[in-house]
Structures are given as structure tokens and as C-alpha cells.
Amino acid sequence: MNIREICKDAERIGISGHIRPDGDCVGSCLGLYLYLKKLFPKKEIKVFLEKPADIFSCIRGFDEIEILGEEVPQVPPFDVYFALDGRRDRLGGAEALYEGAKVKVNIDHHVSNEGGCGDYNHVEPDASSTSELVYDLVEDKLLDADIATALYIGIAHDTGVFRYSCTSPKTLQAAAKLISFGIDFPRLIEETFFEKTYVQNQIMGRALLESMLIMDGRCIVSYIDRKTMDFYQVTSKDLEGIVSQIKLTKGTECAVFMYEISTLEYKVSLRSTEKVDVAKVAEMFGGGGHVRAAGCTMNGTFHDVINNLTVHIEEQLEGAGA
Ligand code: 5GP
Ligand code: MN
């Protein structure tokens, strides 16, 4: 895929990422945005995203993001539209902008997005992150510290700071090149990945305290209901990282964390170590993601949801001879 070629005749270019934007989503969108602005200073380039967490304000261009709300933005059609880090049906309110564009481009690393959904697709399920894929596509000579900051944050977040098995030699080579621009990477990671507010730590504490081991300790589950979220005055952005923390429990193969998004409706996050393909489990319930990290939305009580999920998790654990 050649971004310069695809965009050369376009006057208006749009970029969006998935709903509930995470570090990779924000990093890849802003990295591509900064790159396109440098490549084509005269073109109109816009990024539309659901409101990202404020921690990402350290990335240049953060204040220029057009925040998606309930209503589809009333703007003329785009000549080229990029859907990053997800499928065409999870663009957080920008779906119509993507569908209405003359040329659609999809850059993604989710297994559940096989083949891609654009006229041009760069979909690599083995890549650590969409930010790594954007890094592959940018011309070296145009890279700078601002683009490097965006892409480094994206890669670091989706690899759990270079710990997850999706981290490859290529990922580390990309990271090495990006830090060569002199970015303050220890601070960027501390402030966007590890640091938590007091209430974020408190609610994580609640989730840990109330977690339960099931399937002889091979699976750990926990949840936060609406009432608790209201009590601590937190939103979904404050719950980022809880599933990875409970997953650190020794002996577990699989972790499930869920929080109530409306009455008896839960956003479910799944993580696994090596035996369970959680993307497969999430897909059974209309979700998706990666083999080791996936999610979906499910209805019912906490126990209904856990019962429905564990049938499929257990089936895979039994199949793996665990
Ligand atoms: P998280 O658990 O952090 O929300 O998501 C883990 C991974 O699964 C991310 O890559 C995310 O994009 C993907 N994911 C989470 N929820 C859904 C969903 O409802 N549908 C799809 N297709 N992917 C999801
Ligand atoms: Mn990603």
C-alpha cells in the first residue's frame, strides 16, 4: 500500500478509529494525521474519534480531533477515508463518513477483520498494533518527533509495553527507530500507561477484591456494576487496565472483566495466556479482537454472562488438554 499514491489526487481526507479509542487507536490515527499533514500541507485532513482519554493530550494534534457524538457530522463527502484499528462497523459514529467516501482504506491488525473492509487494505493480524502498521507505511524521511510520539505510544499500549507475545523483532526495530527522535519515552509511558488517578486505583482495588477464580483456578472473573461506577464517579476510560491486572493472577489461563454499560448490558473484556483463543469466544457473541485480547457486549446478569462465556472457554481449555 502506498499512501502517497492513494491520496495524491484527494482534496479532503478523513481518518477514524474504533469506538472507545485506546492508545493504539489514538496513536495510529494521530500518527497518520500528522504524517499526512506533512506530506500534503495543502489538503484538508480531519480526524474523527469518540472522545479519547485526556492522558493522550501529550500527542500533537490531540486538540484538533473532531469529537464524535450522537449525530453524524454534517460534512461534505471525503475523497479518501482511513478506518484504523478496526472494522467499518465500529467507527464510533463515523461509519457514514467512511461509507460515503470515494476511496476507503483500512489499516488494522485484528484477526476478526479478515481481509479488511476497504478498497485498499493493510490488515496484518500478526502485527503488534495498527501504529506499527502505520509506521511501516510512512516514508522514513518524513518521520519526526511528533509522529514518533504518536506511533510509539500506540505500539507501547497494544504490546503492554513490549511484554505481550504480539511483540516481534520488527516491533522493537520500529520502537528503536522511533525513540531515536529523542522523545521522552519513559515519561510518555509512565503518564499514559502506568499512572492511575486515585479513584482509578480504588476501583481497580474493588475489582480485584471481588474477583473470583473459577474452573479450578484456570479462569478469573470480575465485574463492576453501574452503582459502583456512579459511586466512584468513573467512566469506562477509568477501567482501562483492570483486565490485564487480574490476568496477572498466577495459574490463570484466561481473565474476564466486565462493566455495566446500561441495565443488564455489559462490556466484556477477555484476555488469555496461551490456551484460549478469546477472539473466537468474543465472536460467538458478536464481538471480536485478537487471539489473546478480545471483547464483546453481552446482555443479562453478571452470572448469565459468565455462564454463557465459560461454556466456550472451558470447551477450549478441555480441547487443549488442560
Ligand atoms: P478491550 O478488552 O481492551 O476493550 O479490547 C480488546 C481488543 O478487542 C481490542 O483490540 C478491541 O478493539 C477488541 N474489541 C473489544 N470489544 C470489541 C467488540 O465489541 N467488537 C470487536 N469487533 N472487537 C472488540
Ligand atoms: Mn490495536
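Index from 1, following the sequence. Whatever order the structure lists them in is the order used to number ligands and atoms, beginning at 1.
- Note on R88 versus E99: salt bridge recorded, some NZ/NE/NH1/NH2 to OD/OE distance being below 4.0 Å.
- As for D24, its N/O/S atom nearest the Mn ion (ligand 2) is the one called OD2.
- For the side chain to side chain contact (heavy atoms under 4.5 Å, CB included) with C166, the qualifying choice from D158, T171, D126, T159 is T159, the only one to do so.
- No side-chain donor-acceptor contact under 3.5 Å links K37 to the backbone of E44.
- With a cut-off of 2.8 Å, the Mn ion (ligand 2) has no N, O or S atom of H110 in range.
- Looking at H109, its N, O or S atom nearest to the Mn ion (ligand 2) turns out to be NE2.
- Residue-level contacts of ligand 1 at the 4.0 Å heavy-atom threshold are R87, R90, H110, K267, S269, R271, G287, G288, G289, H290, A293, A294, G295, C296.
- In this view, E191 and R187 satisfy the salt bridge (Lys or Arg N to Asp or Glu O under 4.0 Å) rule, not counting sequence neighbours.
- Within D158, the N, O or S atom lying nearest to the Mn ion (ligand 2) carries the name OD2.
- L248 is not connected to M212 by any chain of hydrophobic side-chain contacts under 4.5 Å among Ile, Leu, Val, Met, Phe, Trp and Tyr, and they are in different clusters.
- Under the salt bridge (Lys or Arg N to Asp or Glu O under 4.0 Å) criterion, E195 pairs with no residue at all, not counting sequence neighbours.
- Using cut-offs of 30° and 60° on the angle between ring planes, the pair H290 and H109 is tilted.
- Here D22 does not reach the Mn ion (ligand 2): none of its N/O/S atoms is less than 2.8 Å from the metal.
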Could you give me the CA-CA distance, side-chain angles and deciding distance for D85 and S28, then say whether side-chain hydrogen bond (donor to acceptor under 3.5 Å, both in side chains) is met?
CA-CA 8 Å; D85 204 28; S28 59; 5.3 Å; no
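- Every residue was checked against the ring pair (Phe, Tyr, Trp, His ring centres under 6.0 Å) condition with F62, not counting sequence neighbours, and none meets it.
- Residue contacts to the Mn ion (ligand 2): D85 brings an N, O or S atom closer than 2.8 Å.
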